[in-house]
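Here is the structure we will look at.
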Amino acid sequence: MSGGVVIIGGGGHAKVVIESLRAGGETVAAIIDADPTPRAVLGVPVVGDDLALPTLRGQGLSKLFVAIGDNRLRQTLGRKARDHGFALVNAIHPSAVVSPSARLGEGIALMAGVAINAESWIDDLVIVNTGAVVDHDCRLGAACHLGPASALAGGVSVGERAFLGVGARAIPSVSIGADTIVGAGGVVVRDLPDAVLAIGVPAKIKGDRS
């Protein structure tokens with residue numbers, strides 16, 4: 001086996017990633033999943049769990065994408081893949097609009113209809129899901145996830161592993177802490193600390209994630 005991208009994860013998120021990679025001209029060679037039962041996902045074979053990483057690397061495969069929705073696990077698996085010598089590739093759908101002045105890390109998913117505007121910085125292993133908007137000068141920390149149809153106004157900072165649910169919004173220049181969740185439809189109008197749950201319009205803290 002040679003050439004193509006290895007995918008970690010065999011669920012629904014992986015299906016969207018596979019189609020984005022193919023639309024961008026990549027070949028997807030194999031999937032590894034916590035459930036190693038032999039099967040195919042969009043025609044791509046599941047060949048084992050993460051214990052198969054060294055074997056796949058030894059077969060000449062060098063590119064990998066972590067298609068796992070859980071932010072902390074995605075970050076952990078990204079580090080593990082790099083330790084095995086894989087390069088993390090980006091899955092950027094051709095319909096995504098990315099400013100030439102934006103800075104992109106590695107292992108990023110930018111789904112269909114995404115907009116990334118001027119001088120925004122998208123760190124490693126970030127998911128910007130279908131139809132989400134990131135306006136100018138935003139900073140997305142490693143392994144955070146913007147849900148479908150969410151939107152950040154200019155200058156917003158999102159911490160590592162934070163999650164914004166479907167349709168969540170943030171006004172200009174607010175900061176959302178690491179590991180914080182903003183519930184679906186929530187509107188962030190003031191800074192949120194690390195590791196809290198915030199819901200509603202405006203988004204109010206309803207508890208912590210500890």
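Index from 1, following the sequence.
Every pair tested for ring pair (Phe, Tyr, Trp, His ring centres under 6.0 Å) that includes a residue from residues 39-63 fails, sequence neighbours excluded, so the list is empty. Among pairs with a residue in residues 122-152, those fulfilling ring pair (Phe, Tyr, Trp, His ring centres under 6.0 Å) read His145-Phe163, at least two apart in sequence or across chains.
Summarising the geometry of Cys138 relative to Ala153, their closest heavy-atom pair is SG-O, 3.1 Å, with the distance given to 0.1 Å. When all heavy atoms of Asp50 and Pro54 are compared, the pair lying nearest together is O-CD, 4.3 Å. The shortest non-hydrogen separation linking Leu164 to Leu152 is CD2-CD2, 3.6 Å. Taking all atoms of both residues into account, the shortest heavy-atom contact from Leu64 to Val66 is CD2-CG2, 3.7 Å. Ser150 approaches Leu146 most closely through the heavy-atom pair OG-CB, 3.4 Å. Nearest heavy atoms, Val189 versus Ile171: O-CD1, 3.4 Å.
The closest donor-acceptor contact from the side chain of Arg74 to the backbone of Ile68 lies under 3.5 Å. When atom types are taken as modelled, the side chain of Asn90 and the backbone of Gly107 share a donor-acceptor pair closer than 3.5 angstrom. The closest donor-acceptor contact from the side chain of Asp49 to the backbone of Pro36 lies at 3.5 Å or more, if one exists at all. In this structure, the side chain of Ser20 does not engage the main chain of Ile92 through any donor-acceptor pair within 3.5 Å.
Note that the NZ atom of Lys204 and the CZ atom of Arg190 stand 8.0 Å from one another [nearest 0.5 Å].
For Asp135, there are no salt bridge (Lys or Arg N to Asp or Glu O under 4.0 Å) partners two or more places apart in sequence or in a different chain.
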